[in-house]
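Notes follow once the structure below has been shown.
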Amino acid sequence: MLAISSSYSLNTQRLKRFQSLIALLLLCVILTVLSDKFFSSENGLNVLRQTAVNICIATGMTLVILTGGIDLSVGSILALCGAATAGLLKNGMVLPSLDIFIGFTVLGAILAAMLIGWLIGLFNGFVITKFNVPPFVATLAMLTIARGFTMLYTQGQPISNLGQQFVYIGAGSFLGIPVPVWIAALVVLIAAFITQKTKLGRYIYAIGGNETAAKFSGINVSKVKMVVYAMAGAMAAIGGIIVTSRLDSAQPNAGISYELDAIAAVVIGGTSLSGGRGTVWGTVMGAIIIGVLNNGLVLLNVSPFWQQVVKGAVILLAVIIDKLGDKKE
Amino acid sequence: MLIAKNITKKFSGVTALNNICLELHPGKVNAIIGENGAGKSTLMKIFSGVHTQYEGDIIYNGNKVQFASTKDAEEAGIAIIHQELNLVPHLSITENIFLGREITNAFGILNKKNMCEQTKLLLKKVNLNLHPDTLIYKLKVGQQQLVEIAKALHTNAEVIIMDEPTSAITDKEVDNLFAIIDELTANNKTIAYISHKLNELFQKADRYTVLRDGATIGAGEMKDITHDELVEKMAGRKIMIERNTMNAASNEPLLQLKNICLQNPENSGDNVVHNVSLTLHKGEVIGVYGLMGAGRTELMETIFGLHPSLSSGELYMESKSKKFKSPADAIKAGIMLIPEDRKSQGLCLDLTVRDNICITVLDKLQQWDIFLNKRKETALSKAYIQQLSIKTASQETQVRNLSGGNQQKIVLAKWLAKTPKVLLLDEPTRGIDVGAKSEIYKLIKEMAAKGLGVIVVSSEIPEILALANRVLVMCEGKLTADMPVAEATESNMLTYALHRN
């Protein structure tokens with residue numbers, strides 16, 4: 001009985017890993033039949049370019065959700081860090097009281113933005129672990145706070161014309177593949193490495209699976225959670241840098257409701273919202289499914305209003321299929 | 001009479017029940033006996049409508065029945081009290097008992113007064129002295145179980161299935177339960193009683209059915225069979241539990257506690273653990289006995305650094321004063337706790353056998369301090385699977401799919417891997433079968449022989465007598481006895497456990 005039940009669960013796990021891939025391929029076949037513009041390398045790269053930002057955010061979101069948490073603030077962090085990159089690049093940093101001006105290179109501005117994202121995430125994690133605030137509430141508050149700071153910093157105006165060099169990040173290509181896709185791939189690889197191959201990753205799954213047991217095992221649960229939220233923040237910052245670069249402009253309203261797309265990607269990718277189960281690869285599939293769907297619906301001239309309905313229906317369908325697969329007996 | 005006739009149940013091709021036959025007689029306590037994995041739980045789940053697909057017939061009072069859901073079974077008069085309790089933590093006792101059966105007036109408004117009054121009566125019946133509005137999460141496991149029983153009493157069930165009802169309750173509470181069972185059988189109710197505690201069964205059960213590997217091995221009147229015969233039927237081999245006669249290996253103090261206190265989190269004037277002092281020597285096994293609420297678990301948790309802000313007193317580890325702020329600190333000092341509830345505190349059920357065993361020692365299993373070395377992980381878990389003879393299909397098996405005894409061995413393995421100096425075991429054999437139990441006893445003794453200090457908390461006196469060199473008894477947060485095992489007897493331990501000033 002033991003032998004079979006375990007191989008049974010292994011098989012379903014394996015099936016689940018391919019479930020989202022199969023769904024993606026099916027979707028591609030349907031769209032290829034319906035639209036002659038869909039199946040081309042140009043369109044494929046286009047989809048990936050558009051998906052790259054969501055992949056970055058959703059990867060961070062996956063780590064958070066694996067611990068059993070959620071991060072609603074990533075869209076706002078994206079906007080704030082995008083604005084910070086643009087602002088630092090264009091205007092530098094002025095400390096009037098000390099009469100100091102600091103100029104930023106492209107790399108400097110990027111690193112500074114990522115640091116800001118990291119610190120905001122760290123703060124989220126601190127509030128959640130130190131004061132026992134539910135992640136939903138803590139990050140909901142941060143959603144508003146970070147958006148407010150974005151407005152304050154930009155005075156509600158876009159910061160544009162950021163220079164050729166910076167624009168390369170969002171609009172350029174390397175070896176025929178858009179730079180944002182390379183960046184997203186790197187983010188995914190790092191996150192996949194962390195979750196599958198490191199101590200931290202194992203602790204993430206353990207905490208999501210059973211926080212009490214993790215604590216009883218001597219794992220510093222608070223520390224792991226803080227790091228995870230910080231990483232989610234930094235990955236949102238990377239998304240912000242890409243968005244800003246692609247538009248050559250930091251928009252104060254950038255990233256609104258991006259957290260929802262990220263959560264959708266995670267869920268479609270088969271990660272359990274209660275934590276402990278799921279993979280970064282699944283999330284990547286989920287994000288690409290959403291990207292292909294968006295792209296296909298545009299190619300098929302479906303009205304934007306219907307697009308939203310279809311997207312929601314797909315999320316629902318994905319979760320229902322997932323649940324059906326879970327049923328034992 | 002409830003009869004299972006030639007029931008076969010397969011899980012994705014694997015036979016869990018093979019042509020099983022079972023009769024539950026009304027007005028009797030029908031014991032269902034078998035090691036974990038024998039098929040008891042599966043059969044009970046068929047009776048209670050959890051599993052709806054099976055071959056064979058269920059015949060209830062002469063009619064063939066097929067329950068489509070648990071609600072179906074419940075309406076037919078079959079109630080099950082699971083080993084894993086099914087109560088909603090943040091609802092009150094009343095709300096839990098009346099869940100799905102709320103009493104309302106003509107406008108659909110809850111009649112709280114009526115429900116509260118009825119709950120009071122039910123709680124009286126199970127001798128649970130608590131207010132009906134008490135929230136479930138504030139209750140200890142034993143008290144929650146009594147609430148479950150009250151709930152079954154409330155539904156007026158004709159057949160009540162009790163799965164390991166005494167695994168977490170004290171002897172006094174067992175007496176309670178038995179009184180309730182007597183009353184039920186006197187009213188011609190059918191009791192199905194699943195338990196590993198054979199003494200209990202000889203005391204209470206009228207009939208027995210032994211299951212092994214999904215098949216019925218034997219059935220009959222309890223008075224026609226002896227203890228040893230029953231054990232042999234269960235396990236197919238003989239197992240004896242003997243009293244520990246060894247003395248501690250050394251006089252070298254390992255862990256010393258001085259005036260350890262733990263405040264009651266709900267009432268700061270009250271101590272859950274009060275002025276406990278003890279010395280644990282190298283190679284010594286201390287058994288801590290006490291009734292529910294005696295503060296044994298809380299004492300273990302305090303030593304393990306789980307209540308840093310509420311505890312006071314001094315703790316010396318190898319003569320060095322220590323103050324643990326978290327379990328991580330205690331573990332660093334070499335003190336490890338195997339908690340009371342392996343599923344909620346000891347294991348990550350979704351992770352694999354390997355991942356659970358390795359979780360405490362990942363530091364040692366890394367390559368260049370960066371990533372985990374799978375070869376080292378595999379080697380380590382393989383060693384412990386062999387050493388503790390853990391029965392698992394593979395290292396990749398999810399711990400969820402293992403039996404209770406094997407799960408408990410994995411909790412042991414994960415701490416042994418960390419090479420503890422002091423091992424705190426809280427109810428180490430709760431709800432596991434006789435075979436695994438004696439294996440765990442053997443292991444504990446082996447570890448002590450290697451110089452480990454062990455503290456075993458248990459509600460089973462034979463377990464303490466089998467393991468301990470020294471017996472401590474707690475009552476209401478205080479130590480009331482500290483004696484060599486040679487002086488300990490069932491009756492004096494109980495007397496100290498009931499000790500009042």
Side-chain angles (χ1 to χ4, degrees), chain A residues 1-16 66-68 129 189-224 270-272 274-279 325-329, chain B residues 11-16 37 39 51-53 213-214 304 306 326-332 336-339 341-353 355-356 358-360 362-363 365-367 369-372 374 391-394 396-398 400-403 406 411 414-415 418:
Chain A
M1 178 176 162
L2 284 179
I4 307 293
S5 66
S6 76
S7 71
Y8 166 75
S9 72
L10 267 184
N11 276 338
T12 50
Q13 265 178 9
R14 211 167 282 159
L15 199 76
K16 267 195 169 171
L66 278 176
T67 65
T129 54
L189 278 174
I190 292 171
F193 179 79
I194 289 172
T195 51
Q196 300 308 316
K197 302 282 181 199
T198 69
K199 196 169 75 169
L200 177 64
R202 192 65 53 78
Y203 288 173
I204 289 172
Y205 280 97
I207 290 170
N210 187 346
E211 192 170 326
T212 312
K215 188 180 171 197
F216 273 66
S217 300
I219 296 171
N220 190 336
V221 174
S222 303
K223 196 169 131 193
V224 172
T271 294
S272 158
S274 53
R277 270 179 301 164
T279 59
D326 266 352
K327 269 205 180 148
K328 292 192 172 150
E329 285 206 4
Chain B
F11 289 101
S12 41
V14 189
T15 310
H51 295 319
T52 52
Q53 305 285 318
D213 301 326
F304 195 52
L306 277 162
S326 70
D329 288 349
I331 291 165
K332 214 174 279 167
M336 329 245 158
L337 171 70
I338 295 189
D341 185 340
R342 62 181 160 269
K343 281 189 181 164
S344 75
Q345 301 170 319
L347 294 165
C348 295
L349 295 174
D350 281 329
L351 291 187
T352 63
V353 170
D355 290 351
N356 270 288
C358 297
I359 194 89
T360 54
L362 292 179
D363 285 322
L365 302 172
Q366 291 186 105
Q367 192 78 43
D369 279 343
I370 301 173
F371 58 86
L372 298 169
K374 198 164 177 182
K391 286 185 206 91
T392 171
S394 78
E396 313 278 348
T397 307
Q398 283 183 330
R400 183 182 294 289
N401 295 319
L402 267 55
S403 71
N406 284 306
V411 185
K414 88 177 201 191
W415 288 120
K418 190 82 181 164

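Computed from a predicted model, the values in this text were never measured in an experiment. Worth knowing before you read on, the calculation uses all heavy atoms, side chains too, and leaves out hydrogens, waters and symmetry mates. Naming: A, B, ... by sequence-line order, numbering from 1 per chain.
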Q) Given a strict heavy-atom distance threshold of 4.5 Å, which part of A:Ile219 is in contact with chain B: side chain, backbone, both, or neither? A) side chain
Q.
Once you measure the plane-to-plane angle for A:Phe216 and B:Phe304, does it fall in the parallel (<30°), tilted (30-60°) or perpendicular (>60°) bin?
A. tilted
Q) Distance-only, no hydrogens or angles: does the B:Lys414 side chain make a donor-acceptor pair with backbone N or O of B:Gly346 under 3.5 Å? A) yes
**Q.** Any donor-acceptor N/O pair, B:Gln345 side chain to B:Asp341 backbone, under 3.5 Å
**A.** yes
Q) With only heavy atoms counted, which part of B:Asp329 is less than 4.5 Å from chain A, the side chain, the backbone, both or neither? A) neither
Q. What part of B:Gln366 lies closer than 4.5 angstrom to a heavy atom of chain A: side chain, backbone, both or neither?
A. side chain
(Q) Minimum heavy-atom separation for A:Ala214 and A:Ile207, please, with both atom names. (A) CB-CG1, 3.9 Å
Q) For the candidates B:Thr360, B:Ile359, B:Leu351, which exhibits the highest count of non-hydrogen atom pairs separated by less than 4.5 Å from chain A? A) B:Ile359
